[in-house]
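All residue numbers refer to positions in the sequence shown, counting from 1.
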Amino acid sequence: MNKKNTTDKELREKLKAELKEELLQEMKEELLEEKAKEEKVEVKEEKTEVKEIKEVKKETKPVTKEDPRKHKDIDTLDDVKYNILWEGKPCGLLQRFLTKIHLNFTTYQITKDELIVITGFFKRRLNSCELYLLKDPDLTDNIYQRLLNISTISVRVDTHVQGTPTRIIRLKNIEEGSKVRKLLRDAIEADVMERKITYFDKV
């Protein structure tokens, strides 16, 4: 009987020990699986953070230093701004006839910063003058011009050089001369204000 009791106890203890080992192994495996899952989640989060950082880098373009020699607004010939405020031709009797047969080759243009006179056919010539150099646009008309409702605009060029003869540009036989003179005067004033030129600078 004693032998049987001892063998039963031993068997029970062995079974308990085996059960404990199995439970411990299962616990270890579960812990390892949980750790592996946590590590995978952390890796995923890191990957998403890396992706977000890359996207932010793509969105923020690198700032390139502009070449100071290049104008800010002009990169190609297509970007050159050539705004013509007014364009006209002489409109005397002979000149109107020449315009109808396309032989009037004189053209006057007022742009944002220049007064341009284009003349000639075989040898085309373009004379231009910066608006800020111009002063005192005047209007004259004789009896002949009054009958045709045309006039001549004369504007003085300020060369800023003492002793040089004053140069005068004349736009001859212009229709609606008073309106054109006012437009030219306003364009000169706007150019002077844009360049921040004071009266004493022009004297």
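Note that CD1 of I174 is 10.0 Å distant from CD of Q145, once rounded to the nearest 0.5 Å. Here the CD1-CG distance, from I188 to L134, works out to 4.5 Å after rounding to the nearest 0.5 Å. For the atom pair CD1 of I197 and CG of L133, the computed distance is 7.5 Å after rounding to the nearest 0.5 Å. R170 contributes atom CZ, which lies 10.0 Å from atom CG of D138 (distance to the nearest 0.5 angstrom). With rounding to the nearest 0.5 Å, the separation of OH in Y108 from CD1 in I169 is 11.0 Å. In this structure, I84 CD1 and E114 CD are separated by 11.0 Å, a value rounded to the nearest 0.5 Å.
Residues Y144 and L94 are members of separate hydrophobic clusters, defined by side-chain heavy-atom contacts under 4.5 angstrom among Ile, Leu, Val, Met, Phe, Trp and Tyr. F105 and I101 fall within a single hydrophobic cluster, where Ile, Leu, Val, Met, Phe, Trp and Tyr are joined by side-chain heavy atoms under 4.5 Å apart, directly or via other members. When hydrophobic clusters are built by joining Ile, Leu, Val, Met, Phe, Trp and Tyr residues whose side-chain heavy atoms come closer than 4.5 Å, directly or via intermediates, I168 is not grouped with L171. Side-chain heavy atoms closer than 4.5 Å link hydrophobic residues (I, L, V, M, F, W, Y) into clusters, and following such links, possibly through other members, connects I153 to V157.
Within a 6.0 Å sphere centred on CZ of R185, heavy atoms belonging to other residues, nucleotides or ligands number 12 at most. Within a 6.0 Å sphere centred on CZ of F97, other residues, nucleotides and ligands contribute 12 heavy atoms or fewer.
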Working for side chain to side chain contact (heavy atoms under 4.5 Å, CB included), residues L115 and L131: CA-CA 6 Å; L115 174 63; L131 290 181; 4.1 Å; yes
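Residue R181 comes nearest to P137 through the heavy atom pair NH1-O, 3.4 Å, listed as atom of the first residue, atom of the second, then distance. Looking at every heavy atom in both residues, I116 comes nearest to S128 through CG1-CB, 4.0 Å. S151 approaches L139 most closely through the heavy-atom pair OG-CD1, 3.2 Å. Shortest non-hydrogen contact noted between K172 and T152 is CA-OG1, 3.8 Å. Considering all non-hydrogen atoms of both residues, A187 and I110 come closest at CB-CG2, 4.4 Å. The two residues I150 and R96 make their nearest non-hydrogen contact at CG2-NH2, 3.9 Å.
Partner of W86 under the side chain to side chain contact (heavy atoms under 4.5 Å, CB included) criterion, out of L184, L183, T111: L183 alone. Shown are L148, N149, I143; of these, the side chain to side chain contact (heavy atoms under 4.5 Å, CB included) with R146 is made only by I143.
At distances below 3.5 Å, at least one donor-acceptor pair connects side-chain atoms of K89 with backbone N or O atoms of N104.
For the pair F121/L103, no side-chain contact is recorded, criterion being any heavy-atom separation below 4.5 Å from C-beta on.
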